Amino acid sequence: YPMEPEPQPIWHRAVTVDELNDWGNRDTLGATLGMRFSAIGPDWIEMTMPVEPRVHQPMGLLHGGASVALAETLGSVGGWLTLDPEQNVAVGLEINANHIRGVRSGVVTGRASPLHIGGTTQVWEIRIRDERDRLVCVSRITLSILSNRPTN
């Protein structure tokens, strides 16, 4: 089988993981829940979150809302990085999640990849996995692309 070529970068601007953690994660819900950007590729972005009591539901499992917060953070930041911030912003329009497996401890990693990058909407898929690479949650977010230009 022929090797598939490496995807072309989709990002409007090049950023490092450190810059993402400084810019996109300071004083946010993500920081409160212990999320950290961990990797970025040409057409995907990753983030980790520790599974500990502050993200548990009463039964001691990772709260589904924490998984959705991780997914929304990844999809939204991914969307923002594809846009010229002088022209447009991406905001969440709809998000869904299927919770596949419970997690009690450790670290989960989410990876967001675009399914559609359009002029007015973007759709991103986020897969969250545990430390044994087992699927924990699959989520999809639809972003609305809005003008960031002043309307006078």
Side-chain angles (χ1 to χ4, degrees), residues 4 6-85 88-118 120-146 148:
E4 289 190 27
E6 181 72 18
Q8 292 297 309
I10 61 171
W11 314 121
H12 180 266
R13 56 201 175 278
V15 295
T16 66
V17 169
D18 289 338
E19 289 170 329
L20 284 174
N21 281 310
D22 188 48
W23 165 79
N25 206 31
R26 183 187 305 160
D27 298 327
T28 64
L29 176 64
T32 300
L33 299 181
M35 296 178 199
R36 299 280 303 161
F37 288 96
S38 55
I40 187 167
D43 62 349
W44 54 267
I45 188 169
E46 277 186 356
M47 190 172 225
T48 61
M49 180 174 63
V51 180
E52 55 193 21
R54 69 180 159 174
V55 298
H56 281 169
Q57 41 92 311
M59 298 299 293
L61 294 168
L62 174 62
H63 194 292
S67 293
V68 173
L70 177 62
E72 180 141 6
T73 300
L74 275 164
S76 294
V77 171
W80 297 334
L81 290 175
T82 68
L83 301 170
D84 177 350
N88 298 102
V89 295
V91 296
L93 187 62
E94 188 272 341
I95 189 165
N96 67 50
N98 293 100
H99 306 290
I100 310 296
R101 173 182 304 279
V103 180
R104 292 188 180 279
S105 63
V107 174
V108 292
T109 301
R111 178 181 278 206
S113 301
L115 299 175
H116 165 73
I117 297 179
T120 58
T121 62
Q122 293 186 10
V123 179
W124 288 74
E125 180 181 69
I126 301 90
R127 291 181 173 262
I128 300 172
R129 297 186 174 276
D130 67 12
E131 291 175 308
R132 293 173 52 193
D133 201 34
R134 297 177 300 183
L135 188 61
V136 171
C137 176
V138 63
S139 181
R140 189 183 65 235
I141 186 169
T142 302
L143 303 173
S144 181
I145 308 307
L146 304 176
N148 200 26

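From a predicted model like this one, the values you see are computed outputs, not experimental measurements.
- Side-chain contact between Val103 and Ile128 is absent, with no heavy-atom pair separated by less than 4.5 Å.
- Using a 4.5 Å heavy-atom cutoff, the side chains of Leu81 and Ile40 are in contact.
- Arg129 places no side-chain N or O within 3.5 Å of a backbone atom of Cys137 that could act as its donor or acceptor partner.
- Counting all heavy atoms, side chain and backbone alike, Trp80 lies closest to Trp23 at CE3-CH2, 3.5 Å.
- Residues His56 and Val51 are in side-chain contact: their nearest non-hydrogen atoms beyond the backbone lie under 4.5 Å apart.
- Leu143 approaches Gly79 most closely through the heavy-atom pair CD1-CA, 3.7 Å.
- With respect to Phe37, the side chain to side chain contact (heavy atoms under 4.5 Å, CB included) criterion is satisfied by exactly one of Asp18, Asp22, Asn21: Asn21.
- Annotation: the span from Leu74 atom CG to Glu125 atom CD amounts to 12.0 Å, rounded to 0.5 Å.
- Leu135 and Arg101 make their closest contact through O-CB, 3.5 Å (heavy atoms, listed as atom of the first residue, atom of the second, distance).
- Here the side chain of Thr121 pairs no donor or acceptor atom with the backbone of Ile117 at under 3.5 angstrom.
- A distance-only check finds a donor-acceptor pair linking the side chain of Asn88 to the backbone of Leu146 [under 3.5 Å].
- Atom NE2 in His12 sits 13.0 Å away from atom CD1 in Ile10 (nearest 0.5 Å).
- Here the closest heavy-atom approach between residue Ile145 and residue Gly118 is recorded as CG1-O, 4.2 Å.
- A distance-only check finds a donor-acceptor pair linking the side chain of Ser139 to the backbone of Asn96 [under 3.5 Å].
- Not one N or O on the side chain of Arg13 forms a donor-acceptor pair closer than 3.5 Å with the backbone of Asp84.
- Distance check: Leu20 CG to Arg36 CZ gives 10.0 Å after rounding to the nearest 0.5 Å.
- Atom NE2 in His99 sits 8.5 Å away from atom CG in Leu62 (nearest 0.5 Å).
- No more than 12 heavy atoms of other residues, nucleotides or ligands shown are found within 6.0 angstrom of CG on Asp27.
- Taking each heavy atom of Gly78 and Ile45 in turn, the nearest pair found is CA-CG2, 4.5 Å.
- Atom NE2 in His63 sits 15.0 Å away from atom CZ in Arg54 (nearest 0.5 Å).
- The pair Glu46-Arg111 meets the salt-bridge criterion, since a charged nitrogen lies less than 4.0 angstrom from a carboxylate oxygen.
- Once rounded to the nearest 0.5 Å, the distance linking CE of Met47 with CG of Leu70 reads 6.5 Å.
- By the side-chain hydrogen bond (donor to acceptor under 3.5 Å, both in side chains) test, Thr82 is found to be paired with Gln122, residues two or more places apart in sequence or in another chain being considered.
- At a threshold of 4.5 Å between non-hydrogen side-chain atoms, the residues Val68 and Ile95 count as touching.
- Residues Ile141 and Ser76 share a closest heavy-atom pair of CD1-OG, 4.1 Å.
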